[in-house]
Asks: 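The structure is given below, and queries will be raised subsequently.
Chain letters run A, B, ... following the sequence lines, proteins first, then strands; residues in each count from 1. As a basis for the values below, the full set of heavy atoms in this structure was taken, side chains included, without hydrogen atoms, waters or symmetry mates.
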Amino acid sequence: MKFGIMVNEGPYTHQASDSAYNFVAAALEKGHEIYRIFFYHDGVNNGTRLTTPPQDDRNIVNRWSALAEKHEIDLVICVAAAQRRGIADADESKRNGKDADNIAPGFRISGLGQLLEASIQADRMVVFGD
Amino acid sequence: MKFGIMVNEGPYTHQASDSAYNFVAAALEKGHEIYRIFFYHDGVNNGTRLTTPPQDDRNIVNRWSALAEKHEIDLVICVAAAQRRGIADADESKRNGKDADNIAPGFRISGLGQLLEASIQADRMVVFGD
Amino acid sequence: MEEAGETKKIMYVNRKAPYGTIYALEALEVVLIGAAFEQDVYMMFLDDGVFQLKKEQDTKALGVKNFSPTYRALEMYDVEKIYVEKESMEVRGLTADDLIIPVEVKSNEEVTKMMTEMDVLLNF
Amino acid sequence: MEEAGETKKIMYVNRKAPYGTIYALEALEVVLIGAAFEQDVYMMFLDDGVFQLKKEQDTKALGVKNFSPTYRALEMYDVEKIYVEKESMEVRGLTADDLIIPVEVKSNEEVTKMMTEMDVLLNF
Amino acid sequence: MLHTVNKSPFDRNSLERCMRTCDKGSAILLIEDGVYGGIKGSVIEDKVKGAMKDVKIYALEADLDSRGIKGRVIDGIQLVDYNGFVDLTVEYDKVQSWL
Amino acid sequence: MLHTVNKSPFDRNSLERCMRTCDKGSAILLIEDGVYGGIKGSVIEDKVKGAMKDVKIYALEADLDSRGIKGRVIDGIQLVDYNGFVDLTVEYDKVQSWL
């Protein structure tokens with residue numbers, strides 16, 4: 001079955017990101033397809049490569065990046081939500097006159113249309129949030 | 001009177017940061033002293049210079065930076081909370097092997113002791129959060 | 001399993017008050033973008049979500065943007081199926097007259113039934 | 001107005017459940033660091049905060065760190081004034097026997113009184 | 001002491017918790033979504049009126065304005081602006097934020 | 001349809017709202033802090049038992065474990081792991097997350 005996932009909260013503060021990750025990992029193991037994971041609201045904060053969690057804790061961002069690479073999952077960060085919260089790739093950084101970017105490997109920034117498309121294309125849409 | 005302020009949520013998603021700003025601005029106008037503003041939990045996300053809010057919206061990060069400069073306010077971001085969430089200054093970035101930093105002008109990164117010190121030194125501690 | 005090109009029934013479920021958090025505003029942004037996809041769209045306001053439609057919002061003193069007039073523009077985007085739960089209004093001391101746009105008022109029972117008829121539920 | 005060097009009564013007010021959000025863990029980090037400041041420290045667990053002290057937490061399947069053993073270490077940090085509200089436990093079907101450390105159980109009325117006696121309240 | 005409540009009483013327990021745990025002579029300030037607790041005609045109105053026998057209740061004007069409910073506030077709740085919020089934190093010896 | 005509830009019923013309204021708005025034949029899955037809704041001996045136990053006459057209630061094992069309440073779950077609530085969570089989303093035609 002084809003799943004679309006929406007993640008509405010950032011890493012560590014709310015469990016939403018962990019729940020989404022564990023759900024996605026289980027779905028993949030069962031042979032399902034993840035059509036797209038869309039990061040919205042504070043969820044965009046899952047996609048910064050500048051996190052350095054404590055050694056004995058899980059690395060939420062790296063975990064998403066690794067999953068995306070291994071299973072070729074489309075991790076999409078909403079551009080409007082990202083601009084409000086300071087998540088930028090090289091293009092966005094340049095366009096907005098910033099001197100740095102912070103996007104993590106495996107994530108891409110795109111528009112809200114990607115969420116709608118996932119909702120239409122997927123067999124099941126599952127939302128994780130606060 | 002001397003105020004200590006704790007801000008526990010990031011910009012835009014929760015109103016906590018706006019409420020804290022409006023409170024602080026009013027306190028300064030009345031001649032009170034702001035001993036320190038301590039950003040904890042997702043509050044650390046107030047201190048990224050990579051935000052680009054819509055033109056017709058307030059710029060929460062710049063607003064803090066401007067207030068700090070004008071009134072010499074100590075804006076402290078908790079280091080442990082910042083590491084989890086990907087807020088880094090040049091030193092932190094280097095120490096953690098990162099290739100970029102994102103801290104905004106007027107903010108500094110320091111330890112939780114700064115929160116305790118503010119609680120002890122201030123006449124009133126006011127907490128804004130979710 | 002959807003055929004390509006098929007139209008889905010999508011319900012935006014709004015349960016949060018405006019301004020205290022950004023969910024109401026960012027949900028509205030989804031609805032506006034979503035209009036271009038020509039799906040069968042339903043907006044449902046439940047619980048504190050009904051406060052999103054309260055008349056007379058004035059954000060000057062707060063220093064944030066008043067996005068409530070945008071609800072009036074939904075019609076131009078062909079978003080016309082807008083529902084508010086009766087019980088949610090009653091609990092909060094509101095009636096349909098308090099709302100910035102005309103809506104269809106549904107009982108909790110009707111809301112339940114409508115939800116079961118959707119293809120996708122997006123929660124804010 | 002405090003004199004330099006004076007000791008303040010500081011209460012950490014914990015009202016949130018563990019793991020669903022990070023507040024419980026990050027509050028604990030404040031308490032541990034705060035111990036070095038040699039203030040008169042009170043930890044109060046109210047509402048869902050009482051779940052922070054539930055015995056038998058096992059986070060293996062969740063893949064996050066189990067920080068509940070740290071509450072047992074509080075004594076070594078001279079954090080010994082630890083209180084749990086009776087009514088909060090009752091509502092949730094808990095008793096003091098369910099908790100990972102010995103605590104003083106206080107009624108809502110006693111909690112109210114204690115709060116008024118503090119100099120600073122830090123809320124998590 | 002001054003208590004602040006920033007959550008809607010229809011979604012969260014914080015206003016009821018606050019009203020149960022504030023001593024006579026203290027004050028409650030409703031801010032952010034907490035101002036919905038001050039709305040007339042709601043299911044919580046009677047509890048709020050009951051609490052007002054023992055404590056003063058204030059509500060932040062900017063938060064009432066933005067939510068379109070300034071004209072609907074329960075009689076006896078006093079409106080304050082941010083200056084008034086600051087004054088309350090000075091008048092009372094400490095602040096408890098019911099987050 | 002499948003309903004998920006991720007909030008403590010002692011803090012938020014989402015479990016009660018969900019139980020009021022789920023049709024016969026649907027299922028509720030308690031996740032994250034939502035699993036506290038499945039605890040025995042709480043003030044909400046009777047309401048949960050009442051809902052179980054019409055809908056199946058599940059709880060996510062990892063969330064019960066981490067909170068130390070797996071041994072305290074109301075009889076009749078079925079435990080599932082993340083695989084079971086995925087299976088439920090397949091079995092039911094759509095998911096409503098009561099955020």
Asks: Exactly one of D130(A), N8(A), N45(A), D42(A) should register a side-chain hydrogen bond (donor to acceptor under 3.5 Å, both in side chains) with T13(B). Which one does?
Replies: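 When side-chain hydrogen bond (donor to acceptor under 3.5 Å, both in side chains) is applied between T13(B) and each of D130(A), N8(A), N45(A), D42(A), only D42(A) qualifies.
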Asks: Taking atom NZ of K30(A) as the centre, does the number of heavy atoms from other residues, nucleotides or ligands within less than 6.0 Å exceed 12?
Replies: yes
Asks: So which atom in R84(A) and which in T51(B) form the shortest heavy-atom distance, rounded to 0.1 Å?
Replies: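 Closest approach of R84(A) to T51(B): O-CG2, 3.2 Å.
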Asks: Rounded to the nearest 0.5 Å, what's the gap from CD on E92(A) to OG1 on T52(B)? Could you check?
Replies: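 Going from CD on E92(A) over to OG1 on T52(B), the span is 7.0 Å.
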Asks: Return the minimal non-hydrogen interatomic distance between A100(B) and L50(A), and the atom names on each side.
Replies: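 Here A100(B) and L50(A) meet closest at O-CD2, 3.4 Å.
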Asks: Can you confirm whether K98(A) sits close enough to N102(B) that some side-chain heavy atom of one is under 4.5 Å from a side-chain heavy atom of the other?
Replies: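 SC-SC contact between K98(A) and N102(B) ruled out.
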Asks: Look at atom CD of E29(B) and say whether more than 12 heavy atoms of other residues, nucleotides or ligands are closer to it than 6.0 Å.
Replies: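 No, CD of E29(B) has 12 or fewer neighbouring heavy atoms, counting only those of other groups under 6.0 Å.
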Asks: Using a cut-off of under 4.5 Å for heavy-atom pairs, which of D101(A), T48(A), N96(A) has the most such pairs with chain B?
Replies: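 Most heavy-atom pairs under 4.5 Å with chain B: N96(A).
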Asks: Flag yes if more than 12 heavy atoms outside E69(B) fall under 6.0 Å of its CD atom; otherwise flag no.
Replies: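 It does not: E69(B) CD has 12 such atoms or fewer within range.
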